[in-house]
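Atom set for the values below is all heavy atoms of this structure, side chains included, hydrogens, waters and symmetry mates excluded.
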There are 2 protein chains.
Amino acid sequence: MTENRITSAALDPASPITPQIYAHLRDAIIRNRLAPGDRISETEIAKSWSVSRQPVREAFIRLAGEGLLAVLPQRGTIVTRINYSDVLNARFLREAIEADIAKILAQRPDPALITELRAQLQAQEAVAASAPTDFIGLDEQFHRTLADAADKRGAWRLIEGLKSQMDRVRFLSLGHFPVVKLVGQHRAIVDAIEQGDTSAANAAVRTHLREVLIDLPQIHAAKPEFFDVPEGGIPEPVNAPIQGGKDE
Amino acid sequence: MTENRITSAALDPASPITPQIYAHLRDAIIRNRLAPGDRISETEIAKSWSVSRQPVREAFIRLAGEGLLAVLPQRGTIVTRINYSDVLNARFLREAIEADIAKILAQRPDPALITELRAQLQAQEAVAASAPTDFIGLDEQFHRTLADAADKRGAWRLIEGLKSQMDRVRFLSLGHFPVVKLVGQHRAIVDAIEQGDTSAANAAVRTHLREVLIDLPQIHAAKPEFFDVPEGGIPEPVNAPIQGGKDE
DNA sequence: ACTTCCATACTTCCATACTAGTCAGGATCG
DNA sequence: CGATCCTGACTAGTATGGAAGTATGGAAGT
């Protein structure tokens with residue numbers, strides 16, 4: 001039964017197989033078509049795409065590295081449950097990294113960048129009411145633009161991996177997703193950068209990234225079987241203070 | 001000839017082979033026993049350890065993910081040169097993450113942690129004059145202790161990957177390595193945490209991590225063949241300001 | 001009814017064979 | 001002599017065949 005949820009499109013036999021398997025599986029997991037806790041096997045996936053087990057295995061290894069699969073030797077491979085701590089940790093790391101990126105950008109505001117960002121804000125507003133699913137794509141584009149502008153492409157590669165954990169939650173929370181609010185926060189970031197206010201840019205990013213997972217507790221309450229709460233209840237999100245001392 | 005530089009110890013056939021190969025190769029690359037630019041092949045490595053290509057291949061994939069190897073399909077696999085930008089990027093990311101960690105720790109100074117850190121400082125001073133190579137291990141322990149204390153074990157996993165790029169440089173620069181100075185900076189971090197001064201802790205970490213690669217230009221000048229300078233000269237390190245605005 | 005043992009059907013892991021692409025060097029042709 | 005093509009020795013990518021370990025269900029014994 002599992003095959004139907006994964007093999008939506010056929011593979012291109014001309015290009016390398018492993019990356020294709022990887023991409024399809026990753027998408028299926030993040031969008032929760034493969035539910036947390038599901039068992040999958042090399043053989044099963046290989047048959048469903050009519051390839052050998054080898055490229056499937058290598059895709060599994062990559063996904064296990066991202067924390068999306070757990071490969072248990074001689075026992076099986078399962079889609080990991082969403083780890084509450086990992087999600088909060090990913091959020092913490094993104095905040096630390098992107099806050100510094102915003103500070104760099106605010107140091108030397110680039111008019112061309114501001115223009116580009118404001119265009120993106122318009123697009124975000126356009127989909128806000130109609131298609132919240134599309135917002136996730138635009139949101140990714142926004143944050144990526146910031147990283148690229150700061151010449152921190154390497155940082156984005158890291159953030160991408162962190163996002164996978166967070167996005168699983170976001171795809172669960174669609175529907176009741178405060179898109180309008182988030183767009184407003186994006187605007188605050190752009191404003192602060194434009195004005196060259198490093199500390200305002202810093203604070204705006206931190207506020208924004210703390211809001212993104214605001215409904216995590218509700219989602220957890222609604223679908224507890226998707227989550228893997230470590231030991232002893234829901235962890236308290238601990239963060240560095242937004243308002244630091246006199247200097248940063 | 002390459003085998004001699006890698007197969008120093010035998011493998012344990014009882015435990016999984018892939019992780020062993022991975023660990024050995026990673027160590028060989030970071031310590032520059034495998035020099036940047038060296039070509040290696042799955043077959044060659046497999047023969048040198050008397051295993052099949054398969055586990056070697058999987059180790060290669062992991063190392064390529066960390067940016068230590070470049071696998072060129074149907075052409076070969078080479079040890080990547082040290083990418084100047086990647087090193088600076090890794091440093092930037094560590095600064096952002098560890099600065100936030102220090103802030104968290106300074107919010108609630110833990111006496112037991114302070115005691116532990118001060119003991120580590122003593123050990124660091126002990127090796128400072130005698131064995132600078134050992135310092136790298138103690139340094140790793142120090143930074144890891146900070147991450148763990150802030151309940152950010154996930155963050156450390158990320159930092160470990162970043163460190164691999166930076167450590168390649170550090171193993172080149174041994175000898176003229178300002179260990180005493182770095183220990184002093186460690187002490188400043190501990191002091192700031194103990195006093196609960198979040199902004200001082202923040203600043204101390206940032207200062208420290210900017211110092212670590214202070215001699216990168218000289219190392220690059222000494223061994224240019226180990227480096228891969230992107231396009232157009234040495235990139236200027238761009239960083240967020242240590243002294244931010246009135247708030248952080 | 002309950003426990004213990006064992007056959008069986010899985011699973012991932014490793015070994016091996018084969019495919020296809022790349023590159024260098026030499027023969028051949030102009 | 002010089003350009004071109006071909007051939008063979010590489011490379012990594014993929015397919016497939018066991019090997020070793022694990023879970024499961026039923027039979028046998030208490």
Side-chain angles (χ1 to χ4, degrees), chain A residues 1-3 6-7 10-25 29 34-81, chain B residues 1-3 6-7 10-25 29 34-81:
Chain A
M1 307 302 129
T2 312
E3 297 90 22
I6 311 172
T7 57
L11 272 64
D12 173 16
S15 43
I17 296 177
T18 302
Q20 299 184 66
I21 306 270
Y22 165 79
H24 275 103
L25 286 178
I29 295 171
L34 279 175
D38 277 3
R39 275 184 55 127
I40 59 180
S41 86
E42 298 177 355
T43 313
E44 176 191 356
I45 301 292
K47 269 196 292 192
S48 75
W49 266 305
S50 305
V51 296
S52 77
R53 302 194 318 265
Q54 196 55 40
V56 175
R57 173 175 171 74
E58 290 173 8
F60 276 22
I61 292 174
R62 286 188 59 183
L63 290 165
E66 284 188 44
L68 297 178
L69 289 181
V71 178
L72 313 176
Q74 278 71 44
R75 296 178 61 180
T77 299
I78 62 175
V79 179
T80 57
R81 296 181 196 279
Chain B
M1 309 301 130
T2 311
E3 296 90 18
I6 312 173
T7 57
L11 272 63
D12 173 16
S15 42
I17 295 177
T18 303
Q20 299 184 65
I21 306 270
Y22 165 80
H24 275 102
L25 287 177
I29 295 171
L34 280 175
D38 275 4
R39 275 185 56 136
I40 59 180
S41 85
E42 297 178 354
T43 313
E44 176 191 355
I45 301 291
K47 270 195 291 191
S48 76
W49 266 304
S50 306
V51 296
S52 76
R53 278 177 48 212
Q54 199 55 41
V56 175
R57 173 175 172 74
E58 290 171 11
F60 275 24
I61 292 174
R62 284 188 61 184
L63 291 165
E66 285 189 43
L68 297 179
L69 289 182
V71 178
L72 313 175
Q74 275 74 41
R75 296 177 61 181
T77 300
I78 62 174
V79 179
T80 57
R81 295 180 196 281

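- Residues from residues 68-76 of chain A lying near DNA chain C, meaning a heavy-atom separation below 4.0 Å, are A/V71, A/L72, A/P73, A/Q74, A/R75, A/G76 in numerical order.
- The side chain of B/T18 contributes an N or O atom lying less than 4.0 Å from OP1 or OP2 of C/dC14.
- Using a 4.5 Å cut-off on side-chain heavy atoms (C-beta onward), A/S41 and A/T43 make contact.
- Rounded to the nearest 0.5 angstrom, B/I21 CD1 and B/S48 OG are separated by 7.5 Å.
- The CD1 atom of B/I17 sits 10 Å away from the C1' atom of C/dA15 (whole-angstrom rounding).
- For the pair A/I40/A/L69, a side-chain contact is recorded, criterion being any heavy-atom separation below 4.5 Å from C-beta on.
- For the strand DNA chain D, secondary-structure stems (runs of at least three Watson-Crick or G-U pairs, all distances below 3.5 Å) span C:1-30 with D:1-30.
- Under the 4.5 Å side-chain criterion, counting only non-hydrogen atoms from C-beta, A/D38 is not in contact with A/I78.
- Whole-Å rounding puts the B/E44 CD to D/dA9 P distance at 19 Å.
- Here C/dC13 presents its C1' atom at 16 Å from CZ of B/R53, a figure rounded to the nearest Å.
- The phosphate of C/dA15 has OP1 or OP2 within less than 4.0 Å of a side-chain N or O from B/S52.
- When all heavy atoms of A/R81 and A/P36 are compared, the closest pair comes out as CA-CB, 3.5 Å.
- The distance between atom NZ of B/K47 and atom P of C/dC14, rounded to the nearest whole Å, is 21 Å.
- Summarising the geometry of B/T80 relative to B/G67, their closest heavy-atom pair is OG1-O, 2.8 Å, with the distance given to 0.1 Å.
- Across A/L25 and A/F60, no two heavy atoms sit closer than the pair CD1-CE1, 3.7 Å.
- Rounding to the nearest 0.5 Å gives a distance of 8.0 Å between CD of B/Q54 and CD of B/E42.
- Here C/dT11 presents its P atom at 11 Å from CD1 of A/I45, a figure rounded to the nearest Å.
- For the pair A/I40 CD1 and C/dC10 P, the computed distance is 17 Å after rounding to whole Å.
- Taking every heavy atom of residues 56-65 of chain A and every atom of DNA chain C, pairs under 4.0 Å involve A/R57, by number.
- Per the geometry, CZ belonging to A/R39 stands 11 Å off P belonging to C/dC10, to the nearest Å.
- Looking at heavy atoms from C-beta onward, B/Q20 lies out of side-chain contact with B/W49 at the 4.5 angstrom threshold.
- Rounding to whole angstrom units, CD of residue B/Q20 and C1' of C/dC13 are separated by 13 Å.
- Nearest-nucleotide positions on DNA chain D place B/T77 closer to the 5' end than the other of B/T77 and B/Q54.
- Using a 4.5 Å cut-off on side-chain heavy atoms (C-beta onward), A/E44 and A/R39 make no contact.
- Shortest non-hydrogen contact noted between B/V56 and B/S52 is CG2-O, 3.7 Å.
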